[in-house]
Amino acid sequence: MTLKLDNIFENFKNNLIFDDKHVLQSNYNPSVVEHRDEQIEQVASILAPVLRGDHVSNLFIYGKTGTGKTLSIQFVSNELLKRIKEEGGGFKLRIEYINCKLKNVSDTDYRILAELIKKLGGEVPATGLPTSQVANIFMDMLEKEKQILIIVLDEIDHAVEKISDDFLYKLLRLNTELVNSKISIIGISNDLGFLDKLNPRTRSSLSQEEIVFPPYNATQLKDILEKRAERAFKRNILGEGVIAKCAAYIARENGDARRAIDLLRVAGELAEREGIKQIIVRHLDEAKDKIERDKHIDFIKLQPKQFQAVLYAIIDLCDKKKNEPIFTGDIYNEYQELCYKVKLDVLTQRRIGDILSEFEMAGILNVHVVSKGRMGRMREIKLSLPKEIIIKAKEILKESLFY
DNA sequence: CGAGATTCATGTGAAGTATACCTTTAGGCTTAA
DNA sequence: AAGCCTAAAGGTATACTTCACATGAATCTCGTA
């Protein structure tokens, strides 16, 4: 065993590619945020009143993934925290980040409150308590100290289905009930239409201020990548035009800087694994596939059993039907048979319908309702995954369901 | 022939249920004065 | 009498079910040209 570990460590030590790989990992926090000066200034000027211990306006931020929203907020937060620490002021500032998309973690009223309480150092059971009581616990914890809490709710658009408008509104207006402490919400959404889904009074208190983060363009991406690559890789590792290609590709797609950086890292890993001393354009292409694959495979692995069963039924059906379109009813039948085979409880068609919608939300399926006249009305369903991922997914699902 | 009614298979919203978990409370048992 | 433990009662969130009504175009019906 030790021998094996020795090998691994030895290989790692001798790695030819990376100098400091951490720089390319998603939890890396650069000291400078490139090309977001304007946005950072806006965020800063909106959050600045906390320095005087004043209440801060609620803020709504709109921008696609990987446009530096989180990074910018984190940057401003750190600066604020630093200053508060230096100057004191007799109160505490907390900035807590919550991603509302995380299934079974922070995707309902109750769970968001529970998460917040946890971050404040408390503990609440996963179920059993009335939400209002959890809200009270939260307020008590908040009031224990003189502090300002800024809650960053990332991807609220994903949770708005499950989170009641009322909850958001109450959270936004919590200030009126707080004596010692103050609270502000920063909502982040990828979907600008999100605001329209809210009722007007919630909307107006959430978007007291609004900031838009545009996607990075190719030049900016190139710049960002170069800065990171410089620290992450050893000298002369990057092949001709690799960064330019990477930037151009991502810019064309959606300007998601995180993806661009991932791409570069994975390309590096691939080169490392091959034992080659240079990253070339080919690695980028391979990395692209690998990232795509991993993302979906992880998603599928994390799904609950029933969801996996539904997905398996769909994949199986697609195989059988080849290019014919498939509909809800077909899927349900297939799913039922599968359940008998695997000894899984059979859920109702109603529920399966909801599960299908959830898959659609997650971008795994392409669904649209068609009316076939006298033949009824149903959803036509297509898998929106590349072929090779479907094959891999099928294996994984088989494994998970049958054994 | 064409306007309007019918129909089908499911979409979809609302209300109800099962489960797993929580707190409160009352009763019973133990312990110590 | 005070303290502690236990079990029942009463309550909640969440995932799922049940019920009931909504959809929307192909097809049918039937009056009319």
Side-chain angles (χ1 to χ4, degrees), chain A residues 98-118 120 122-141 153 156 158-171 196-199 299-300 302-314 317-318 321 324-340 342-362 364-383 400-401:
Chain A
I98 287 193
N99 187 329
C100 305
K101 201 171 80 173
L102 296 177
K103 204 165 175 178
N104 299 339
V105 178
S106 48
D107 56 353
T108 63
D109 306 1
Y110 185 97
R111 287 173 180 164
I112 287 178
L113 283 169
E115 275 294 291
L116 284 169
I117 290 171
K118 211 157 114 196
L120 292 178
E123 195 69 53
V124 278
T127 164
L129 295 184
T131 307
S132 61
Q133 194 180 331
V134 178
N136 286 337
I137 296 175
F138 171 64
M139 278 180 65
D140 288 347
M141 296 206 60
L153 294 177
I156 5 176
H158 278 275
V160 80
E161 306 271 325
K162 288 191 182 172
I163 299 175
S164 70
D165 243 29
D166 210 42
F167 170 74
L168 256 183
Y169 186 69
K170 280 196 183 129
L171 199 59
D196 298 329
K197 292 186 202 153
L198 300 174
N199 72 39
F299 175 83
I300 290 168
L302 288 174
Q303 292 304 306
K305 270 266 175 332
Q306 289 289 354
F307 283 61
Q308 292 187 339
V310 174
L311 200 56
Y312 186 83
I314 296 171
L317 211 54
C318 280
K321 291 247 184 171
E324 287 170 55
I326 60 176
F327 303 99
T328 323
D330 309 336
I331 292 177
Y332 189 63
N333 293 335
E334 187 78 19
Y335 159 81
Q336 270 181 312
E337 275 179 42
L338 179 65
C339 284
Y340 291 133
V342 202
K343 300 204 174 29
L344 204 62
D345 291 343
V346 182
L347 302 184
T348 41
Q349 185 152 353
R350 177 75 186 78
R351 179 63 185 146
I352 301 304
D354 283 348
I355 292 178
L356 290 174
S357 307
E358 285 194 42
F359 276 138
E360 190 198 8
M361 288 279 287
I364 297 281
L365 296 181
N366 217 317
V367 174
H368 75 278
V369 183
V370 289
S371 181
K372 301 204 141 263
R374 209 137 200 217
M375 305 286 285
R377 219 167 78 99
M378 49 194 108
R379 278 185 286 201
E380 188 180 322
I381 289 153
K382 273 205 310 235
L383 274 165
S400 149
L401 289 168

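Every heavy atom of this structure was used, including side-chain atoms; hydrogens, water molecules and symmetry mates were not. We name chains A, B, ... by the order of the sequence lines, and we start the count at 1 in each one. Here the structure is a predicted model, which is why all the values come from computation and not from measurement.
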Note, A/Leu401 side chain near A/Lys305 side chain (heavy atom, < 4.5 Å) = yes

So which one's nearest nucleotide on DNA chain C is more toward 5', A/Leu129 or A/Gln306?
-> A/Leu129

Does the side chain of A/Phe307 reach to within under 4.5 Å of the side chain of A/Leu302, using non-hydrogen atoms?
-> no

Consider only side-chain N and O atoms of A/Ser106 and A/Glu115, and report whether a donor and an acceptor are under 3.5 Å apart.
-> no

Using a heavy-atom cut-off of 4.0 Å to chain A, what are the terminal contacting nucleotides of DNA chain C, in 5' to 3' order?
-> C/dG11 to C/dC28

Can you tell if the side chain of A/Glu380 reaches within under 4.5 Å of the side chain of A/Phe327, non-hydrogen atoms only?
-> yes

Using a 4.5 Å cut-off on heavy atoms from C-beta on, say whether the side chain of A/Val367 contacts that of A/Phe359.
-> no

Mark up nucleotides 10-20 of chain B, 5' to 3', with B wherever a protein heavy atom is under 4.0 angstrom from a base atom, S wherever such an atom reaches only the sugar-phosphate, and - elsewhere.
-> SSBB-------

Picking from A/Thr108, A/Ile112, A/Asp109, what satisfies side chain to side chain contact (heavy atoms under 4.5 Å, CB included) with A/Thr131?
-> A/Asp109

Just checking, is any N or O donor in the side chain of A/Gln306 or A/Tyr335 under 3.5 Å from an acceptor N or O on the other one?
-> yes

Provide the closest heavy-atom pair for A/Ser357 versus A/Arg379 in the form atom of the first, atom of the second, distance.
-> OG-NH1, 3.1 Å

What pairs of nitrogen or oxygen atoms, one from the protein and one from nucleotides 3-7 of chain B, lie under 3.5 Å apart?
from  : atom 1 : to       : atom 2 : distance (Å)
B/dT7 : O4'    : A/Arg374 : NE     : 3.2
B/dT7 : O4'    : A/Arg374 : NH2    : 2.9

A/Val134 vs A/Ile117 side-chain heavy atoms within contact, under 4.5 Å = yes

Tell me what A/Val346 touches on the nucleic acid: a base, only sugar-phosphate, or nothing, going by heavy atoms under 4.0 Å.
-> sugar-phosphate

Side-chain heavy-atom pair A/Leu153, A/Leu168 within 4.5 angstrom cut-off = yes

